[in-house]
Peer 1: 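Structure incoming, see below.
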Amino acid sequence: MEPSYIFLTMAVTLLSMPATGFGQGTTRVEFYSKTCPRAESIVKSTVESHFRSNPAIAPGLLRMHFHDCFVNGCDGSVLIDGPNTERKAVQNSLLRGFDVIDEAKAKLEAACPGVVSCADILALAARDSVVLTKGINWKVPTGRRDGKVSLQSDAAKLPGFTDSIESQKQQFARFGLNTQDLVTLVGGHTIGTAACLVFNYRLNNFTNGGPDPTINPSFLPQLRSLCPQNGNNFRRVDLDTGSANKFDTSFFTNLKNGRGVLESDQKLWTDASTRTFVQQFLGEKGVRKLNFVKEFAKSMVKMSNIGVKTGSNSEIRRVCSAIN
């Protein structure tokens with residue numbers, strides 16, 4: 001059954017919500033209700049327009065928001081273009097959706113000059129992307145300001161596709177996110193794709209000349225046909241086989257069945273400390289059931305409040321790709 005469009009009413013609907021992780025800023029729902037009443041609708045319509053012509057933009061924007069927040073907080077620094085910026089890092093080389101954010105920003109500058117931050121545009125666009133893929137709708141706290149620093153070397157802080165569960169836990173805990181948040185947010189891989197180059201090492205010569213033993217043997221021929229040795233390393237492959245354009249729990253079913261594409265994803269099932277949450281999202285017998293889409297909204301709110309900027313170390317950029 002498709003997840004319904006549920007408007008989440010919880011602590012996020014309070015007038016003020018403190019940021020988690022490092023940083024002193026605060027955000028609140030409907031921050032722009034008086035200063036730019038059409039802010040959220042402008043972002044939404046822009047994302048919808050691009051989605052109609054290219055549905056791949058939805059997972060792209062969701063991933064970009066994650067990459068922004070996990071490097072010095074949710075401050076739009078990943079959007080800044082130029083030599084040695086985060087955007088130039090190898091970890092961000094395959095990000096997509098910059099044109100969507102730029103277009104939304106141009107429209108917002110025409111309607112409300114110097115009011116809406118690029119960081120907020122990205123947070124709103126990520127939510128709208130989940131909705132467009134039949135996921136959950138939630139109220140996004142806004143009021144972030146844009147960071148003024150973007151360093152390519154800082155992208156090394158991002159979790160990697162070969163990371164152990166323990167390493168992933170430590171990286172999430174750094175920002176006040178727990179193990180359930182980890183499993184929930186990685187569940188965002190229910191939409192989108194990955195390039196062959198980030199997982200084809202699992203298919204041959206992984207251990208003792210053979211493939212990664214955690215890959216289901218019946219799934220291996222499919223992956224090898226999509227990403228043959230000496231093939232196109234940039235070919236895109238669905239992260240959630242059979243349901244890559246729909247925000248649902250089939251990603252977790254695939255992990256249970258040894259059909260995870262990324263090594264770090266499959267480890268959510270092979271590691272006992274994270275497997276429990278996968279089982280809860282799947283509603284398996286003997287464990288307390290968790291509603292994935294509702295928990296995803298909660299974890300997204302937590303993540304989107306990492307390191308909110310205030311004061312002289314921040315600004316409202318007029319162009320998202322350049323510091324004022």
Side-chain angles (χ1 to χ4, degrees), residues 21-23 47 50 54-105 117-130 144 146-163 167-168 171-172 174-175 177 182 185-186 188-189 191-201 232-239 261-265 300 303-304 306-309 314 317 319-323:
F22 57 91
V47 175
H50 282 263
N54 180 18
I57 209 66
L61 290 168
L62 181 59
R63 182 183 176 206
M64 188 188 296
H65 182 43
F66 178 90
H67 280 223
D68 184 41
C69 293
F70 265 66
V71 179
N72 301 325
C74 308
D75 64 353
S77 56
V78 73
L79 302 168
I80 298 172
D81 201 5
N84 302 314
T85 59
E86 291 172 38
R87 189 163 167 173
K88 299 301 184 184
V90 64
Q91 294 90 337
N92 293 326
S93 61
L94 299 178
L95 289 181
R96 62 184 76 184
F98 293 104
D99 55 333
V100 182
I101 304 301
D102 288 342
E103 183 179 323
K105 180 60 172 174
S117 70
C118 300
D120 276 344
I121 295 171
L122 185 51
L124 292 166
R127 184 272 311 274
D128 296 337
S129 296
V130 172
R144 299 166 191 79
D146 296 321
K148 299 167 74 172
V149 176
S150 182
L151 298 175
Q152 182 175 340
S153 57
D154 284 345
K157 301 172 184 176
L158 288 165
F161 51 84
T162 62
D163 286 351
S167 175
Q168 292 181 63
Q171 292 176 79
F172 275 68
R174 190 159 67 90
F175 299 116
L177 300 172
L182 162 63
L185 291 170
V186 173
H189 287 169
I191 56 174
T193 61
C196 290
L197 63 87
V198 300
F199 68 87
N200 56 8
Y201 67 92
N232 179 4
N233 278 337
F234 294 95
R235 180 174 184 174
R236 310 296 299 193
V237 175
D238 293 345
L239 285 169
V261 173
L262 299 183
E263 181 183 356
S264 55
D265 287 355
M300 281 293 287
M303 184 192 78
S304 72
I306 293 171
V308 173
K309 301 291 192 298
S314 61
R317 269 181 244 138
V319 178
C320 289
S321 60
I323 297 171

Peer 1: How about L262 and V198: do any of their side-chain heavy atoms sit closer than 4.5 Å?
Peer 2: yes
Peer 1: Would you please test F199 and F161 for side chain to side chain contact (heavy atoms under 4.5 Å, CB included) and show each step?
Peer 2: CA-CA 8 Å; F199 68 87; F161 51 84; over 6 Å; no
Peer 1: Is a side-chain donor-acceptor pair under 3.5 Å present for K309 with N72?
Peer 2: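 Not at all, the side chains of N72 and K309 share no donor-acceptor pair under 3.5 Å.
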Peer 1: In Å and rounded to the nearest 0.5 Å, what is the CD1 to CG distance from I121 to L124?
Peer 2: 8.0 Å
Peer 1: Find out whether D146 and I80 are in side-chain contact, i.e. whether some heavy atom of one side chain is under 4.5 Å from a heavy atom of the other.
Peer 2: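 They are not in contact (no side-chain heavy atoms under 4.5 Å apart), so the answer is no.
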Peer 1: Could you tell me whether the side chain of N92 reaches within less than 4.5 Å of the side chain of Q152, counting heavy atoms only?
Peer 2: no
Peer 1: Quick check: closest heavy atoms across Y201 and T162, and the distance to 0.1 Å?
Peer 2: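 That would be OH-CG2, 3.2 Å.
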Peer 1: Find the distance between CE (M64) and CG (L94) and round it off to the nearest 0.5 Å.
Peer 2: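 Here the interatomic distance stands at 11.5 Å.
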Peer 1: Shortest non-hydrogen contact from H67 to V71?
Peer 2: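 Looking at all heavy atoms of both residues, the closest pair is O-CG2, 3.6 Å.
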Peer 1: Rounded to the nearest 0.5 Å, how far does CG of L61 lie from NE2 of H50?
Peer 2: 9.0 Å
Peer 1: Do Q171 and D163 have a side chain donor and acceptor closer than 3.5 Å?
Peer 2: yes
Peer 1: For residues L62 and I191, determine if any side-chain heavy atom of one lies less than 4.5 Å from a side-chain heavy atom of the other.
Peer 2: yes
Peer 1: Check R96 against A56 and note the closest heavy-atom contact, atom names and distance.
Peer 2: NH1-CB, 3.3 Å
Peer 1: Please step through side chain to side chain donor-acceptor pair (under 3.5 Å) for the pair S77 and E86, ending with a clear verdict.
Peer 2: CA-CA 7 Å; S77 56; E86 291 172 38; 2.6 Å; yes
Peer 1: Hey, can you tell me if F66 and F172 have their rings parallel, tilted or perpendicular (30° and 60° cut-offs)?
Peer 2: tilted
Peer 1: What heavy-atom pair brings I101 and A125 nearest, and what distance separates the two atoms?
Peer 2: CD1-CB, 4.0 Å
Peer 1: Is the side chain of R317 donor-acceptor paired with the backbone N or O of G147 at a distance under 3.5 Å, no angle test?
Peer 2: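 At least one qualifying donor-acceptor pair exists.
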Peer 1: Going by an N to O cut-off under 4.0 Å, is there a salt bridge joining K148 and D75?
Peer 2: no
Peer 1: Say whether, by atom type as modelled, one donor and one acceptor occur between the side chain of T85 and the main chain of D81 under 3.5 angstrom.
Peer 2: no
Peer 1: If you define the side chain from C-beta out and look only at heavy atoms, does anything of D68 sit under 4.5 Å from L122?
Peer 2: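 In contact.
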Peer 1: Nearest 0.5 Å, what's the CG-CG distance between N84 and D154?
Peer 2: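 Answer rounded to 0.5 Å: 11.5 Å.
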Peer 1: Let me see the working for V237 and C196 under side chain to side chain contact (heavy atoms under 4.5 Å, CB included), right down to the final yes or no.
Peer 2: CA-CA 7 Å; V237 175; C196 290; 4.1 Å; yes
Peer 1: Hey, mind stepping through T193 and L239 against side chain to side chain contact (heavy atoms under 4.5 Å, CB included) and telling me if it holds?
Peer 2: CA-CA 5 Å; T193 61; L239 285 169; 5.6 Å; no
Peer 1: Might you point out which heavy atoms bring H65 and M300 nearest each other, and give the distance in Å?
Peer 2: CD2-CE, 3.7 Å
Peer 1: Side chains of S304 and R127: donor-acceptor distance under 3.5 Å anywhere?
Peer 2: no
Peer 1: Would you say that F70 contacts P159 through its side chain, given a criterion of any heavy-atom pair below 4.5 Å between the two side chains?
Peer 2: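 Yes; the side chains approach each other to less than 4.5 Å.
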Peer 1: Determine whether a donor-acceptor pair (N or O, by modelled atom type, separation under 3.5 Å) exists between the side chain of S117 and the backbone of R144.
Peer 2: yes
Peer 1: For C118 and K105, which heavy atoms make the closest approach, and how far apart are they?
Peer 2: SG-CE, 4.0 Å
Peer 1: If you apply the rule side chain to side chain contact (heavy atoms under 4.5 Å, CB included), what do you find for V47 with S129, and how did you get there?
Peer 2: CA-CA 7 Å; V47 175; S129 296; 4.0 Å; yes
